[in-house]
Protein chains: 2
Amino acid sequence: MQKQQNLSKNQQIIFDIIHNSSEPLKAYSILFNVQKKGIKAPLQVYRALDKLVELGKIHKIESRNAFIACQNSSCQISKATAFSICESCEQVSEISNTKLSKYLSNFTDEAGMKYNKYNLEFFGLCKKCKSK
Amino acid sequence: MQKQQNLSKNQQIIFDIIHNSSEPLKAYSILFNVQKKGIKAPLQVYRALDKLVELGKIHKIESRNAFIACQNSSCQISKATAFSICESCEQVSEISNTKLSKYLSNFTDEAGMKYNKYNLEFFGLCKKCKSK
DNA sequence: TTATAAATGTTATATTATTACATACTGTTA
DNA sequence: TAACAGTATGTAATAATATAACATTTATAA
């Protein structure tokens, strides 16, 4: 329940739920979970999610429309993200690999373009599911 | 309008529209475009899209919920995809860079896991937008 | 030719996300 | 402290994206 400075009430409530979850959470499942705390409308959830993403406290898993807490203490702003996703159990982990992030941050395309931001999603079977 | 063998009627109609588009297309914009051709329901579009993705003829740009034709002739099955996305004009290009794809296909995480599939989206400003 | 898989058609509905507008809170600075 | 600006909240309505369920047809191949 680690208290985060400078989050607003709704932002804190929603961050806590995501942070305490062992799996990525979808917006409407978050909504369902926070209705007892007085957050009643989708927009209240989406606004907090937007802000938390902007702050780098959470990331959106684009292929799943779901959100996880940032697992990478150094990632203040989420402009360089990488995840592994198990296609069987849907477990998601954030990858923090210095070589990978350096490689991608320095990547230059055929036209000489560099990019200030990327998102990478790996898919496969996690250890548990592979051994089944 | 290049005729593709072994696509069904709806698949062919929808592939042609995506293939001839200069920008990624969203499912409901495709639907709107094909209503004159007798495709009336979202599901008809989504089914064709699913199949085309499975065949590697098109790719889904996850962060945009939109679809583009595969620009990489060698990419039969879309299990290793990379795109550059302009955050200003929303132009999207598929990146086919052998070094990058080798690097990512061989990537091994801290736990020794390899992945059989990935999707990478780079964000930035395209040449045109940068020079504005 | 018959049976199996793939594709289609149709209606309804589920899920994800935003617009628009009114109000309240928080932190500055005059 | 008053006035202001910026951020956050509340609420209702609706837009945009995607799937379930079921009936039927077409293509393929044994």
Side-chain angles (χ1 to χ4, degrees), chain A residues 3-18 21 23-68 77 85 87 90 92 119 121, chain B residues 3-18 21 23-68 77 85 87 90 92 119 121:
Chain A
K3 174 71 180 171
Q4 298 294 326
Q5 218 55 39
N6 67 34
L7 291 184
S8 75
K9 184 175 128 262
N10 288 1
Q11 288 159 16
Q12 185 67 55
I13 290 170
I14 283 166
F15 175 74
D16 285 341
I17 288 195
I18 295 172
S21 168
E23 54 183 12
L25 294 179
K26 299 184 150 234
Y28 276 73
S29 122
I30 293 169
L31 176 57
F32 180 81
N33 273 281
V34 295
Q35 283 183 326
K36 45 190 171 243
K37 297 201 173 155
I39 297 178
K40 294 177 205 151
L43 191 49
Q44 294 175 290
V45 173
Y46 280 104
R47 281 198 285 226
L49 290 173
D50 284 352
K51 191 68 188 180
L52 291 167
V53 165
E54 189 191 320
L55 294 172
K57 311 288 297 177
I58 64 172
H59 303 301
K60 182 172 189 181
I61 308 302
E62 294 287 356
S63 65
R64 300 299 188 257
N65 298 319
F67 299 84
I68 66 169
I77 304 290
I85 302 172
E87 289 185 297
E90 293 294 323
V92 174
N119 179 55
E121 299 182 2
Chain B
K3 174 71 180 171
Q4 297 295 323
Q5 219 55 38
N6 67 34
L7 292 184
S8 74
K9 183 174 128 261
N10 288 1
Q11 289 159 15
Q12 185 67 54
I13 291 170
I14 284 166
F15 175 74
D16 286 340
I17 288 194
I18 296 171
S21 168
E23 54 183 14
L25 294 179
K26 298 183 153 238
Y28 275 74
S29 123
I30 294 169
L31 175 58
F32 179 79
N33 273 281
V34 295
Q35 282 182 327
K36 45 190 170 244
K37 299 206 171 152
I39 296 179
K40 294 177 204 152
L43 192 48
Q44 294 176 290
V45 173
Y46 280 104
R47 282 198 284 225
L49 290 173
D50 285 351
K51 191 66 187 184
L52 291 167
V53 166
E54 189 191 320
L55 294 172
K57 311 288 296 178
I58 64 172
H59 304 301
K60 181 173 190 181
I61 308 302
E62 293 287 355
S63 66
R64 300 300 187 257
N65 298 320
F67 299 84
I68 65 170
I77 304 290
I85 302 172
E87 289 184 297
E90 293 294 324
V92 173
N119 179 55
E121 298 182 2

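By convention in this document, chain letters (A, B, ...) are assigned in the order of the sequence lines, proteins followed by strands, and residues within each chain are numbered from 1. Just so it is clear, the model here is predicted, and its values are computed rather than measured.
Side-chain contact between B/L52 and B/L7 is present, with at least one heavy-atom pair separated by less than 4.5 Å. A heavy-atom distance below 4.5 Å is not found between the side chains of A/E54 and A/D50. A heavy-atom distance below 4.5 Å is found between the side chains of A/I30 and A/L49.
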- What string of B, S and - do you get for nucleotides 5-18 of chain C, 5' to 3', if B is base contact, S is sugar-phosphate-only contact and - is no contact with any protein heavy atom under 4.0 Å? --SBBBB----BBB
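Of all heavy-atom pairs spanning A/K37 and A/I13, the tightest one is CD-CG2, 3.9 Å. Closest approach of A/A27 to A/V45, counting heavy atoms only: O-CG1, 3.8 Å. Closest approach of B/P24 and B/V92 over heavy atoms only: CG-CG2, 3.6 Å.
The nucleotide range of DNA chain D contacted by chain B, defined by atoms under 4.0 angstrom from heavy atoms of the protein and reported 5' to 3', is D/dT17 to D/dA21.
In summary, of the residues considered (B/E90, B/E23, B/E87), a salt bridge (Lys or Arg N to Asp or Glu O under 4.0 Å) with B/R64 occurs for B/E90 alone.
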